[in-house]
Amino acid sequence: MPDKIIRDPIHGYIKIEEPYIKNIVDHPLFQRLRRIEQTSMRVLYPSAHHDRFSHSLGTYHLGKKAFHYFVKNIEADLNIHVQNKELIKHSFLVACLLHDIGHSPFSHTFEKFFERQLDFNTMGENFKPKTILLHQCVQKAYQENIKDSSSQELFHSDFLSGNVGYGSPHEKMSSLIVLECFSEILKEHFPPVDLDMIVRSIIGCTYYHFDMSNRDLCQKYGIRNCLIRLLNSEIIDVDKLDYLNRDMTFAGYDNVLIDTERLLSSLSAVWINDDELHCRLMQPAYRKNALSVVENAIRAKSSINQWIYNHHAVSCEQALFVEAFFECVSKEAICPKVGCEHRDNCVKNHHSCIQIDSERISVFTNDKDVFINSIFSANAIKGSISCNGYNFTLLSDDDIHCIFKRHPYLQSVQEILCRNKRRKAIWKSDEELSSISNKVCGHLSIDNLNTSIHETIQGESRERSFFDISRLFPSVQSKIWTLKLSKNNTPIENDKILILFGRDDSEKACVFSRFSDLVLHEIDESKKNAPCEYLLYAASDNVLSLRENYRFIKEIANLFSKKPVRT
């Protein structure tokens with residue numbers, strides 16, 4: 001099979017070598033990414049219809065450039081010759097290509113459900129669901145596929161952090177899929193790779209617990225740590241560079257240009273003295289000619305966080321999908337299997353029955369948690385699972401839509417299917433609330449509003465995304481909901497970005513500074529991660545003519561200063 005040349009609207013022509021096409025890109029698990037939405041922002045930008053498939057190809061393309069320039073520049077700047085270059089190169093590029101292989105449907109919207117996994121290997125006649133944290137699944141898969149005892153010990157020490165382990169849920173799921181589904185393929189049909197480095201790069205787990213007094217180990221793991229950070233880190237990496245440019249382009253969001261070629265061509269590294277560890281650590285750095293591009297990347301991430309990823313419409317859309325899913329799951333919690341000898345027992349006593357065969361796992365349950373855990377599992381992604389009449393194979397966005405369409409009468413599903421039935425936010429941003437406050441209230445702000453809402457509904461269940469507060473205030477003539485949104489801001493840590501100015505040959509050391517020390521003006525990191533409450537009203541309700549009259553907003557503000565009437 002020859003190499004492939006793919007035309008990409010972001011990076012131009014992307015060349016993918018034959019082993020990657022044959023063993024990874026053409027694999028059903030990778031093709032599954034065509035049906036995983038890259039973002040949830042189409043409610044705001046209808047043209048942003050791109051997927052994790054194209055993003056993964058773009059990350060691979062930038063990874064090739066990053067590796068090439070990194071190796072070239074550290075040889076010149078640090079006089080370091082990279083050992084086992086081909087092995088490290090292929091390991092890094094495989095990680096770039098597979099870093100999102102375990103993403104959940106609708107990307108980040110549902111990935112929190114990955115944190116709990118059902119252990120189907122323990123299921124028997126008297127089935128009781130066993131909950132296993134996802135990081136434990138990764139740890140187990142690592143031990144089964146990487147037999148080297150020293151690597152296992154080092155990974156165990158580096159990976160486990162408290163009780164959650166490194167990486168976000170989708171990153172840990174991606175690592176699990178790589179270990180369980182691609183390890184044999186990579187060993188038998190691929191150029192030599194370091195599976196340990198691939199897993200670490202995907203979850204962002206650097207090498208740390210090694211003998212730092214050994215200079216050879218410091219250089220070996222230092223190079224690997226730089227590459228890990230160039231895929232998954234709090235600084236600028238190839239994953240961010242692709243999705244920032246891709247998301248802005250498909251959204252039509254004209255912000256700042258990120259010159260990836262100039263940025264990656266300046267990629268190098270420096271040695272940093274760590275006084276606490278009494279050793280030298282290698283960190284990625286950028287030469288001084290890329291200073292302006294570094295600043296553009298930081299600004300772009302900050303801006304897209306505030307005005308796209310955390311836009312109220314996007315956040316409400318994500319909450320609505322979760323709300324609809326919970327409503328549908330509640331309706332599905334019953335064993336429909338005709339002829340099942342356990343059916344009556346399942347329905348009456350809230351039990352589950354499991355059927356396991358060599359091809360797929362079948363689950364029949366009226367337990368909502370079992371239903372959710374069955375769907376959002378590694379088994380549903382990498383194979384096939386039947387749950388309450390649904391067949392989930394290579395879990396994707398389509399499967400969630402299928403669940404929704406089975407219950408079109410539910411309010412939340414109707415809001416998804418019909419735009420004019422959606423709840424709308426009374427104010428659309430912190431800035432608008434501040435403006436309204438100055439005009440009609442004089443005291444209303446995000447902080448005191450959040451406090452008032454929390455005190456008002458204290459003791460009420462907040463398991464659901466939307467909380468109906470109208471019943472607490474009989475005087476209100478319209479249905480009003482409060483929606484708690486936690487802003488998911490992950491700004492680029494500019495104090496961890498190093499700028500290389502040259503080499504001081506007299507001291508045999510690099511001259512560098514932290515980016516945050518060089519920029520005199522503060523770079524806005526958008527809003528902090530504090531949760532925010534929005535008030536919403538029914539779109540079809542004509543009571544709220546908010547654009548013409550602010551009196552209702554003042555009434556709402558005054559209501560939260562009074563003790564609510566509970567009915």
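These values consider heavy atoms only, across backbone and side chains, with no hydrogens, waters or symmetry-generated copies.
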Participant: Can you name the closest pair of heavy atoms from Gly102 and Ile381 and give their distance?
Facilitator: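 Shortest heavy-atom separation between Gly102 and Ile381 comes out as O-CD1, 3.9 Å.
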Participant: Compare all side-chain heavy atoms of Ile235 with those of Asn494 and state whether any distance is below 4.5 angstrom.
Facilitator: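 No - every pair of side-chain heavy atoms lies 4.5 Å or more apart.
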Participant: When rounded to the nearest 0.5 angstrom, what is the spacing between CD in Gln139 and CG in Leu134?
Facilitator: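 Going from the CD atom of Gln139 to the CG atom of Leu134 covers 12.0 Å.
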Participant: What verdict does the side chain to side chain contact (heavy atoms under 4.5 Å, CB included) test give for Val25 and Leu57, after you've listed the backbone C-alpha separation in whole Å, the side-chain angles of each residue and the deciding distance to 0.1 Å?
Facilitator: CA-CA 9 Å; Val25 175; Leu57 297 182; 4.3 Å; yes
Participant: Could you tell me whether the side chains of Asp239 and His99 share a donor-acceptor contact shorter than 3.5 Å?
Facilitator: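 Yes, because at least one side-chain N or O of Asp239 sits under 3.5 Å from a partner of the opposite role on His99.
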Participant: Before giving the answer on side chain to side chain contact (heavy atoms under 4.5 Å, CB included), spell out for Asn232 and Ile202 the whole-Å C-alpha distance, their side-chain angles and the decisive distance to 0.1 Å.
Facilitator: CA-CA 7 Å; Asn232 186 343; Ile202 291 174; 6.0 Å; no
Participant: Return yes if a side-chain donor-acceptor contact under 3.5 Å exists between Asp242 and His11, otherwise no.
Facilitator: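 Yes - a donor-acceptor pair under 3.5 Å links their side chains.
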Participant: Verify whether one side chain among Asp51 and Ser54 offers a donor that lies under 3.5 Å from an acceptor in the other.
Facilitator: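 The answer is yes; a qualifying pair exists.
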Participant: Would you sort out whether Phe190 and Phe182 count as a ring-ring contact (aromatic ring centres under 6.0 Å, His included), showing the intermediate values?
Facilitator: CA-CA 10 Å; Phe190 207 81; Phe182 287 93; 9.9 Å; no
Participant: Is there a side-chain contact between Thr109 and Ile400 in this structure, where contact means two heavy atoms from C-beta onward sitting under 4.5 Å apart?
Facilitator: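 No, too far: nothing below the 4.5 Å cut-off.
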Participant: Check for a donor-acceptor pair, side chain of Asn84 on one end and backbone N or O of Leu87 on the other, with a separation under 3.5 Å.
Facilitator: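 Not confirmed, Asn84 side chain does not pair with Leu87 backbone.
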Participant: Could you walk me through whether Phe376 and Phe325 pass ring-ring contact (aromatic ring centres under 6.0 Å, His included), step by step?
Facilitator: CA-CA 12 Å; Phe376 292 97; Phe325 180 73; 5.4 Å; yes
Participant: Are Ser412 and Glu327 linked by a side-chain donor-acceptor pair shorter than 3.5 Å?
Facilitator: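 Yes, a side-chain donor-acceptor pair sits under 3.5 Å.
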Participant: Which heavy atom of Cys218 sits nearest to which heavy atom of Met212, and what is that distance?
Facilitator: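 Result for this residue pair: SG-O, 3.1 Å.
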Participant: Going from SG on Cys205 to CZ on Phe155, what distance comes out if it is rounded to the nearest 0.5 angstrom?
Facilitator: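 Answer rounded to 0.5 Å: 5.5 Å.
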Participant: I would like to know whether Ile272 and Leu498 meet side chain to side chain contact (heavy atoms under 4.5 Å, CB included); could you show each step before the answer?
Facilitator: CA-CA 10 Å; Ile272 292 183; Leu498 307 179; 3.4 Å; yes
Participant: Would you say Thr490 and Lys301 are linked by a side-chain donor-acceptor pair, where the criterion is simply a distance under 3.5 Å?
Facilitator: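 Yes, because at least one side-chain N or O of Lys301 sits under 3.5 Å from a partner of the opposite role on Thr490.
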Participant: Quick check: closest heavy atoms across Gln219 and His81, and the distance to 0.1 Å?
Facilitator: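 Heavy-atom minimum between the residues: NE2-O, 4.0 Å.
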Participant: Step through the shown structure and confirm whether more than 12 heavy atoms of other residues, nucleotides or ligands are within 6.0 Å of NZ on Lys15.
Facilitator: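 No, the 6.0 Å shell around NZ holds no more than 12 heavy atoms from other groups.
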Participant: If you count every heavy atom of other residues, nucleotides or ligands that lies below 6.0 Å from Glu144 atom CD, does the total exceed 12?
Facilitator: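 Yes, enclosed.
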Participant: List the atom of Pro19, the atom of Pro191, and the distance in Å for their closest heavy-atom pair.
Facilitator: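 So the two residues come closest at CB-CD, 4.0 Å.
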Participant: Are the side chain of Ser91 and the backbone N or O of Asp194 linked by a donor-acceptor pair below 3.5 Å?
Facilitator: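 Checking the backbone N and O of Asp194 against the side chain of Ser91, a donor-acceptor pair under 3.5 Å is found.
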Participant: Using modelled atom types and a 3.5 Å cut-off, is there a donor and acceptor pairing between side-chain atoms of Ser183 and backbone atoms of Glu180?
Facilitator: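 Looks like no, no N/O pair under 3.5 Å.
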Participant: How close do Gln31 and Arg35 get, heavy atom to heavy atom, and via which atoms?
Facilitator: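 Minimum heavy-atom separation between Gln31 and Arg35: O-NH1, 3.8 Å.
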Participant: If the test is side-chain hydrogen bond (donor to acceptor under 3.5 Å, both in side chains), which one of Gln318, Glu37, Arg52 qualifies with Ser107?
Facilitator: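 Testing each of Gln318, Glu37, Arg52 against Ser107, the sole residue satisfying side-chain hydrogen bond (donor to acceptor under 3.5 Å, both in side chains) is Arg52.
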Participant: Examine the side chains of Asp196 and Ser151 and answer whether a donor and an acceptor come within less than 3.5 Å of each other.
Facilitator: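 Side chains of Asp196 and Ser151: no pair found under 3.5 Å.
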Participant: Is His156 atom NE2 crowded by more than 12 heavy atoms from other residues, nucleotides or ligands, each under 6.0 Å away?
Facilitator: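 Check fails, neighbour count at 12 or below.
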Participant: If we ignore hydrogens and angles and just use 3.5 Å, is the side chain of Arg32 paired with the main-chain N or O of Thr393 as donor and acceptor?
Facilitator: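 No, because the side chain of Arg32 does not come within donor-acceptor range (under 3.5 Å) of the backbone of Thr393.
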Participant: Is a donor from one side chain sitting under 3.5 angstrom from an acceptor on the other, for Asp3 and Tyr20?
Facilitator: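 Per modelled atom types, Asp3 and Tyr20 side chains form no pair under 3.5 Å.
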Participant: NE2/His311 to OG/Ser40 distance, rounded to the nearest 0.5 angstrom?
Facilitator: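 Separation between the atoms: 14.0 Å.
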Participant: How far apart are the closest heavy atoms of Leu267 and Tyr286, and which atoms are they?
Facilitator: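 Result for this residue pair: CD1-CE2, 3.6 Å.
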Participant: For a 4.5 angstrom cut-off between non-hydrogen side-chain atoms, does Asp158 reach Phe210?
Facilitator: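 No, every pair of side-chain atoms sits at 4.5 Å or beyond.
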Participant: When you check the gap from the basic side-chain N to the acidic O, do Lys220 and Asp216 get nearer than 4.0 Å?
Facilitator: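 Salt bridge absent between Lys220 and Asp216.
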Participant: Between Asn310 (side chain) and Gln306 (backbone), is there a donor-acceptor pair under 3.5 Å?
Facilitator: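 No.
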Participant: Which distance, rounded to the nearest 0.5 Å, do you find between the CZ of Phe92 and the CG of Leu230?
Facilitator: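 Phe92 CZ to Leu230 CG: 5.5 Å, rounded to 0.5 Å.
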Participant: Heavy atoms, side chains only, cut-off 4.5 Å: are Met197 and Leu227 in contact?
Facilitator: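 Yes, side chains in contact.
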Participant: Atom NE2 of His103 and atom NE2 of His170: how far apart are they, to the nearest 0.5 Å?
Facilitator: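 Answer rounded to 0.5 Å: 3.5 Å.
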Participant: What I'd like to find out is whether the side chain of Ile403 reaches to under 4.5 Å of the side chain of Val329, using heavy atoms alone.
Facilitator: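 Not in contact.
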Participant: Hey, are the side chains of Lys64 and Glu17 touching, using non-hydrogen atoms and a 4.5 Å cut-off?
Facilitator: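 Touching, per the 4.5 Å side-chain cut-off.
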Participant: For Asp26 and Phe30: C-alpha separation, side-chain torsions, deciding distance, then whether side chain to side chain contact (heavy atoms under 4.5 Å, CB included) applies.
Facilitator: CA-CA 7 Å; Asp26 287 348; Phe30 196 85; over 6 Å; no
Participant: Quick one, His108 and Tyr309 - any side-chain contact, counting heavy atoms below 4.5 Å?
Facilitator: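 With C-beta onward as the side chain, the pair stays apart.
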Participant: Determine, stepwise, if the pair Asp247 / His50 fulfils side-chain hydrogen bond (donor to acceptor under 3.5 Å, both in side chains).
Facilitator: CA-CA 8 Å; Asp247 291 354; His50 52 302; 2.7 Å; yes
Participant: Whether the side chain of Asp397 engages the backbone of Phe106 through a donor-acceptor N/O pair (distance < 3.5 Å, no angle test) should be reported.
Facilitator: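 Looks like yes, one N/O pair under 3.5 Å.
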Participant: Quick one: pull up SG in Cys96 and CG in Leu62 and give me the separation to the nearest 0.5 Å.
Facilitator: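 Between Cys96 SG and Leu62 CG, I get 8.5 Å after rounding to 0.5 Å.
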Participant: State, yes or no, whether a side-chain contact exists between Ile6 and His61 at a heavy-atom distance under 4.5 Å.
Facilitator: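 Side-chain contact under 4.5 Å: no.
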